Amino acid sequence: MSDLLGKMKRTHTCSELRDTNIEQEVVLMGWVQHRRDHGGVIFIDLRDRQGITQIVFNPVISESVHGKAQEIRNEYVLGVRGKVASRPGDMRNSNMETGDIEILVEELKIFSRAKTPAFQIDDRVETSETLRLQYRYLDLRRPQLKKNILDRHKASMAIRNYLDSNGFIDIETPFLTKSTPEGARDYLVPSRVNPGNFYALPQSPQLFKQLLMISGFDRYYQIVKCFRDEDLRADRQPEFTQIDMELSFVNEDEIMEIAQGLIQSIFKQVLGKDLTTPFPALTYDEAMERFGLDRPDMRFGLELCNVSDIVKDANFKVFSSVVKKGGLVKAINAKGCASFTRKQIDELTDFTAVYKAKGLAWIKIKEDQWQSPIAKFFTDDEKQALAQRLDLEPGDIVFFVADQPKITNEALGQLRNELGRRLELISDDVFAFTWVTHFPLFDYDETEKRYQSLHHPFTAPHEEDIDKLSTNPLDIKSRAYDLVLNGIEIGGGSIRIHDTYLQEKILKCLGIEAEEAHEKFGFLLEALESGAPPHGGIAFGLDRLMMILCREDSIRNVIAFPKTQKATCPLTEAPSRAGSAQLQELAIKVSRIPE
RNA sequence: GGGGGUGUAGUUCAGUUUGGUUAGAACGCUUGCCUGUCACGCAAGAGGUCGCGAGUUCGAGUCUCGUCACUCCCGCCA
């Protein structure tokens with residue numbers, strides 16, 4: 001039988017007692033982290049959310065309490081009353097915050113006995129993902145995961161305080177709603193009272209926050225769950241959290257300034273780190289040109305270099321024919337890496353093949369010659385031009401990818417990141433932010449033969465580009481911006497279209513007919529006609545941001561109850577089959593549910 | 001949908017290349033001893049469907065095929 005709490009009242013946490021508390025009578029409550037039974041005296045590390053304090057059971061103080069303490073095992077939940085005692089000099093533990101003191105226990109309550117845990121509650125012992133998720137409540141007792149969750153709370157408070165003091169209003173938007181016109185698959189929820197009809201869980205509160213602008217709540221925010229039924233990744237969960245904001249009567253500069261302040265405030269509160277603002281900004285075109293990706297990791301150099309013009313007439317047909325077909329030949333000079341082995345080069349070739357590059361050409365620059373399978377194809381003039389453009393010096397190795405622009409940029413951009421990792425140019429302690437602006441408004445979907453919004457169809461184009469709608473839509477730049485941190489997109493937003501006429505033109509360009517538009521989000525179009533302020537916003541992925549702040553490499557480690565890669569929860573065993581009575585009530589034909 | 005990695009004691013792993021007697025280690029757990037430890041120490045002990053299924057073989061943790069789970073990536077998705 002367990003002891004009850006009774007009149008026992010916790011006076012302190014396990015992190016706060018110090019030398020100054022000596023002789024005080026205190027009551028601590030918590031879990032047993034370790035026990036060290038010396039036959040006579042028993043030491044126990046008592047753990048709670050805040051920390052660990054050593055408690056001591058000594059038969060000299062109480063024979064009966066010491067006897068009872070012999071039963072104690074790891075993870076038992078205890079309440080102890082006793083006196084704070086100083087630890088004599090060499091018995092102090094400088095590794096513990098509370099290492100100068102200990103509690104001499106006079107009264108012991110065992111609130112709860114615990115089975116031997118499925119894994120040790122200790123960061124030093126790695127455990128499989130399944131087991132961690134199945135016993136998530138034990139996993140959350142471990143220091144690192146606990147710290148991540150507490151840091152997330154700090155971030156959450158920083159966000160609320162900052163946005164509140166900047167005039168933002170926290171407004172909840174519905175989870176049971178209608179499909180939002182963004183790319184991802186929706187999670188559907190059947191409606192019992194409307195048989196055969198479904199709600200969609202929101203992929204983001206996009207339409208609602210625009211409606212709130214039209215309502216006049218000129219600064220809105222929400223820390224809000226969003227849902228996307230797509231395959232998972234280390235940085236993607238089917239339900240994730242956004243810091244969602246929308247503002248009226250502002251342009252992108254103001255939004256970016258406020259967003260920077262928010263990030264600054266989060267870093268200050270969570271890490272105590274002062275970030276310098278404004279963050280640097282790149283246009284999309286510049287990011288693609290220099291880094292090959294729209295989310296460049298700015299912690300290191302190794303920039304990409306376009307050499308298409310130099311090799312366009314080269315005897316090396318792989319290069320020249322690509323250029324003639326409108327492709328791109330770009331290169332990275334890995335300074336001082338001419339010592340790369342054949343094996344290393346092969347690994348890098350395989351690496352770029354993942355991103356569809358057909359090959360990875362290379363040249364090692366030696367003192368007197370170029371060592372390379374392709375060097376012989378270049379004239380002396382071409383070699384000289386390459387050497388100058390790429391700043392080639394003896395000891396360098398330069399990698400080339402030649403392909404359609406999309407593939408060249410992606411493959412070489414990813415290779416750049418890989419080289420950064422391999423050459424250890426990337427530090428966890430550096431936080432390199434950059435804005436990426438002037439995204440294309442559309443891209444072209446080859447399979448569906450039509451234009452698609454890169455962001456979403458409510459993103460405003462730059463004013464000077466509007467007349468390209470009828471001539472060259474792919475040249476239109478949008479008023480969208482992403483915030484990139486260490487090569488990871490942590491947020492993005494845009495100025496929205498607040499003009500019905502322009503909105504209709506854009507929808508037409510996207511091939512969305514009036515009828516279809518009306519059916520999908522007619523309510524927004526109608527609202528735009530009811531007095532819409534100029535407005536725009538931004539949303540940050542809180543999980544990704546916390547992942548970087550906590551130096552984790554998976555967002556699962558900053559989410560209390562995440563899902564596996566198959567989108568299941570080993571703890572609750574969700575998703576699970578529904579009973580046929582339940583399905584019948586929802587008017588879902590049971591016979592069509594696969595066994 | 002596709003490619004890679006992993007799966008052996010409660011946990012983390014070794015053993016698989018080259019099939020061969022009773023499958024090991026560390027931590028954890030149990031019991032005993034121990035009054036100053038702090039990942040206490042010492043001694044003894046328990047603990048195995050080698051993910052699952054089939055096949056090859058005199059013989060499979062080890063080879064083959066299938067399958068499941070976890071994970072990383074491509075596709076997909078901001």
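None of these values were measured; they are calculated from a predicted model. In the text below, chain A, chain B and the rest are named by the order of the sequence lines, each starting its count at 1. Worth knowing before you read on, the calculation uses all heavy atoms, side chains too, and leaves out hydrogens, waters and symmetry mates.
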A.B. asks: Distance check, C1' atoms only: B:U8 and B:U62, in whole angstrom units.
C.D. replies: 11 Å
A.B. asks: Centre of A:Phe300's six-membered ring, under 6.0 Å away, within 45 degrees of the axis: is that where NZ or CZ of A:Arg416 sits?
C.D. replies: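 Yes - A:Arg416 lies over the ring of A:Phe300, closer than 6.0 Å to its centre and within 45° of its axis.
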A.B. asks: With sequence neighbours left out, what residues match A:Arg236 under side chain to side chain contact (heavy atoms under 4.5 Å, CB included)?
C.D. replies: A:Arg233, A:Arg544
A.B. asks: In whole angstrom, give the distance that lies between atom CG of A:Asp90 and atom C1' of B:U37.
C.D. replies: 11 Å
A.B. asks: Test ring-ring contact (aromatic ring centres under 6.0 Å, His included) on A:Tyr199 and A:Phe175; report intermediate values, then the result.
C.D. replies: CA-CA 9 Å; A:Tyr199 301 100; A:Phe175 279 178; over 10 Å; no
A.B. asks: Who pairs with A:Arg124 by side chain to side chain contact (heavy atoms under 4.5 Å, CB included), at least two apart in sequence or on another chain?
C.D. replies: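 Side chain to side chain contact (heavy atoms under 4.5 Å, CB included) check on A:Arg124 returns A:Asp122.
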A.B. asks: Mind calculating the distance between CG (A:Leu441) and P (B:A78) to the nearest angstrom?
C.D. replies: 16 Å
A.B. asks: Suppose we define a pair by two distances each less than 3.5 Å, Watson-Crick or G-U wobble; what does B:G7 pair with here?
C.D. replies: B:C68
A.B. asks: Please state how far atom NE2 in A:His34 lies from atom P in B:C40, giving the value in whole angstrom units.
C.D. replies: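 Result: 5 Å.
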A.B. asks: Given atom CG of A:Leu415 and atom P of B:C73, what is their separation to the nearest angstrom?
C.D. replies: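 Taking CG of A:Leu415 and P of B:C73, I get 18 Å after rounding.
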A.B. asks: Using a 4.0 Å cut-off on protein heavy atoms (strictly under), produce a 5'-to-3' string for nucleotides 1-13 of chain B with B for base contact, S for backbone-only sugar-phosphate contact, and - for none.
C.D. replies: B--------BSS-
A.B. asks: What heavy-atom pair brings A:Gly492 and A:Glu489 nearest, and what distance separates the two atoms?
C.D. replies: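 For A:Gly492 and A:Glu489, the tightest heavy-atom pair comes out as N-OE2, 4.4 Å.
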A.B. asks: Tell me the partner of B:U17, counting only Watson-Crick (N1-N3 plus N6-O4 or O6-N4) or G-U wobble (N1-O2 and O6-N3) with both under 3.5 Å; none if nothing fits.
C.D. replies: none
A.B. asks: Reckon A:Glu129 touches a base, only the sugar-phosphate, or nothing at all at heavy-atom distances under 4.0 Å?
C.D. replies: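 Sugar-phosphate: the residue A:Glu129, judged by heavy atoms under 4.0 Å, touches backbone atoms but no base.
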A.B. asks: For B:C76, which nucleotide in any strand shown is its Watson-Crick or wobble partner with both distances under 3.5 Å?
C.D. replies: none
A.B. asks: What are the two closest non-hydrogen atoms of A:Pro461 and A:Ile476, and how far apart are they?
C.D. replies: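 Closest approach of A:Pro461 to A:Ile476, heavy atoms only: CB-CG2, 3.6 Å.
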A.B. asks: Taking only residues two or more places apart in sequence or in another chain, which ones pass ring-ring contact (aromatic ring centres under 6.0 Å, His included) with A:Phe198?
C.D. replies: none
A.B. asks: Side chains of A:Gln222 and A:Thr173: do they bring a donor and an acceptor to under 3.5 Å?
C.D. replies: yes
A.B. asks: Please verify the inter-ring angle class for A:Phe279 with A:Trp435; under 30° counts as parallel, over 60° as perpendicular, anything in between as tilted.
C.D. replies: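 Rings of A:Phe279 and A:Trp435: tilted, 30 to 60°.
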A.B. asks: Would you kindly give the CZ-to-C1' distance between A:Arg87 and B:C40, to the nearest whole Å?
C.D. replies: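 The distance from CZ of A:Arg87 to C1' of B:C40 comes to 13 Å, rounded to the nearest Å.
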A.B. asks: For the P atoms, the ones on B:G61 and on B:G53, what distance do you get once it is rounded to whole angstrom?
C.D. replies: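 The same atom, P, in both gives a distance of 13 Å.
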A.B. asks: Between A:Phe240 and A:Thr568, who's closer to the 5' end of RNA chain B by nearest nucleotide?
C.D. replies: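 Whichever sits nearer the 5' end wins; that is A:Thr568.
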A.B. asks: Using Watson-Crick or G-U wobble geometry with both distances under 3.5 Å, which nucleotide pairs with B:C33?
C.D. replies: B:G41
A.B. asks: Rounded to the nearest 0.5 Å, how far does CG of A:Leu140 lie from CZ of A:Arg49?
C.D. replies: 13.0 Å
A.B. asks: Tell me which pairs pass salt bridge (charged side-chain N to carboxylate O under 4.0 Å, His left out) where either residue lies in residues 55-69 of chain A, with sequence neighbours left out.
C.D. replies: A:Asp3-A:Lys68
A.B. asks: Between A:Pro570 and A:Glu410, which residue's closest nucleotide on RNA chain B lies nearer the 5′ terminus?
C.D. replies: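 The residue closer to the strand's 5' end, by nearest nucleotide, is A:Pro570.
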A.B. asks: For RNA chain B, which residues of residues 92-102 of chain A approach it to below 4.0 angstrom with any heavy atom?
C.D. replies: A:Arg92, A:Asn93, A:Met96, A:Glu102
A.B. asks: With hydrogens left out and only the distance checked, is there a donor-acceptor pair under 3.5 Å joining A:Arg236's side chain and the base of B:C77?
C.D. replies: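 Result: at least one qualifying N/O pair found.
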A.B. asks: Can you pull out the residues from residues 341-357 of chain A that lie within a 4.0 Å heavy-atom distance of RNA chain B?
C.D. replies: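 A:Val354, A:Tyr355, A:Lys356 - these, ordered by number, are the residues of the stretch whose heavy atoms sit under 4.0 Å from the strand.
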A.B. asks: Taking the P atom of each, how far is B:A69 from B:U30, in whole Å?
C.D. replies: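 B:A69 and B:U30 have their P atoms separated by 35 Å.
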A.B. asks: Using the C1' atom in both, what is the distance from B:G1 to B:C63, to the nearest Å?
C.D. replies: 30 Å
A.B. asks: Ignoring the backbone of A:Arg73, work out which of B:U31, B:A78, B:A39 is nearest its side chain.
C.D. replies: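 The answer is B:U31.
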A.B. asks: Quantified in whole Å, what is the C1' atom distance between nucleotide B:G51 and nucleotide B:C68?
C.D. replies: 8 Å
A.B. asks: List for me each residue that meets side chain to side chain contact (heavy atoms under 4.5 Å, CB included) alongside A:Arg290, sequence neighbours excluded, and say none if there are none.
C.D. replies: A:Leu282, A:Glu286, A:Glu303
A.B. asks: Side chains of residues 35-42 of chain A: which donor-acceptor partners sit under 3.5 Å, not counting sequence neighbours?
C.D. replies:
| unit_1 | atom_1 | unit_2 | atom_2 | d |
| --- | --- | --- | --- | --- |
| A:Arg36 | NH1 | A:Asp45 | OD2 | 3.0 |
| A:Arg36 | NH2 | A:Asp45 | OD1 | 3.0 |
| A:Arg36 | NH2 | A:Gln54 | OE1 | 3.0 |
| A:Asp37 | OD1 | A:Gly39 | N | 2.8 |

A.B. asks: Sort out the partner of B:U22 for me: Watson-Crick or G-U wobble, both distances under 3.5 Å, none otherwise.
C.D. replies: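 B:U22 is paired with nothing.
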A.B. asks: Quick check for you: among B:C77, B:U30, B:C72, whose closest atom lies nearest to any side-chain atom of A:Arg228?
C.D. replies: B:C77
A.B. asks: How long is the span from the CD1 atom in A:Ile55 to the CG atom in A:Leu46, to the nearest 0.5 Å?
C.D. replies: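 CG of A:Leu46 is found 4.5 Å from CD1 of A:Ile55.
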A.B. asks: What integer number of Å spans the P atoms of B:G7 and B:G15?
C.D. replies: 10 Å
A.B. asks: Ignoring hydrogens and angles, write down the donor-acceptor pairs under 3.5 Å from the side chains of residues 77-85 of chain A, residues two or more places apart or on other chains.
C.D. replies:
| unit_1 | atom_1 | unit_2 | atom_2 | d |
| --- | --- | --- | --- | --- |
| A:Arg81 | NE | A:Glu107 | OE1 | 2.8 |
| A:Arg81 | NH1 | A:Glu25 | OE1 | 3.1 |
| A:Arg81 | NH1 | A:Glu106 | OE1 | 3.4 |

A.B. asks: Please report, rounded to the nearest Å, how far the C1' atom of B:G36 is from the CD1 atom of A:Ile103.
C.D. replies: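 The distance from CD1 of A:Ile103 to C1' of B:G36 comes to 16 Å, rounded to the nearest Å.
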A.B. asks: Between B:U18 and B:U22, how far apart are the two P atoms, rounded to whole Å?
C.D. replies: 24 Å
A.B. asks: Using purine N1 to pyrimidine N3 plus N6-O4 or O6-N4 for Watson-Crick, or N1-O2 and O6-N3 for G-U wobble, each under 3.5 Å, what pairs with B:C50?
C.D. replies: none
A.B. asks: Taking atom C1' in both B:U64 and B:U57, compute the distance separating them and give it to the nearest angstrom.
C.D. replies: 12 Å
A.B. asks: Roughly how many Å is it from CD in A:Gln70 to P in B:U35, rounded to a whole number?
C.D. replies: 11 Å
A.B. asks: Under 4.0 Å, counting only non-hydrogen atoms across every strand here, what does A:Arg556 touch: a base, just sugar-phosphate, or nothing?
C.D. replies: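 Touches sugar-phosphate only.
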A.B. asks: Who is the Watson-Crick or G-U wobble partner of B:C63, with both distances under 3.5 Å?
C.D. replies: B:G55
A.B. asks: Using a strict heavy-atom distance below 4.0 Å, which residues from residues 35-60 of chain A are in contact with RNA chain B?
C.D. replies: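 Only A:Arg35, A:Arg36, A:Asp37, A:His38, A:Gly39, A:Gly40, A:Val41, A:Phe43, A:Asp45, A:Gln54, A:Asn58, A:Pro59, A:Val60 qualify.
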A.B. asks: For A:Arg141 and B:G28, what is the distance between atoms CZ and P respectively, to the nearest whole Å?
C.D. replies: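 Answer to the nearest Å: 18 Å.
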A.B. asks: Yes or no on ring-ring contact (aromatic ring centres under 6.0 Å, His included) for A:Phe57 and A:Phe43, after CA distance, side-chain angles and deciding distance?
C.D. replies: CA-CA 7 Å; A:Phe57 297 89; A:Phe43 301 97; 9.8 Å; no
A.B. asks: Just jot down the salt bridge (charged side-chain N to carboxylate O under 4.0 Å, His left out) partners of A:Lys343, sequence neighbours excluded, or say none.
C.D. replies: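 In terms of salt bridge (charged side-chain N to carboxylate O under 4.0 Å, His left out), with neighbours along the sequence ignored, A:Lys343 is linked to A:Glu347.
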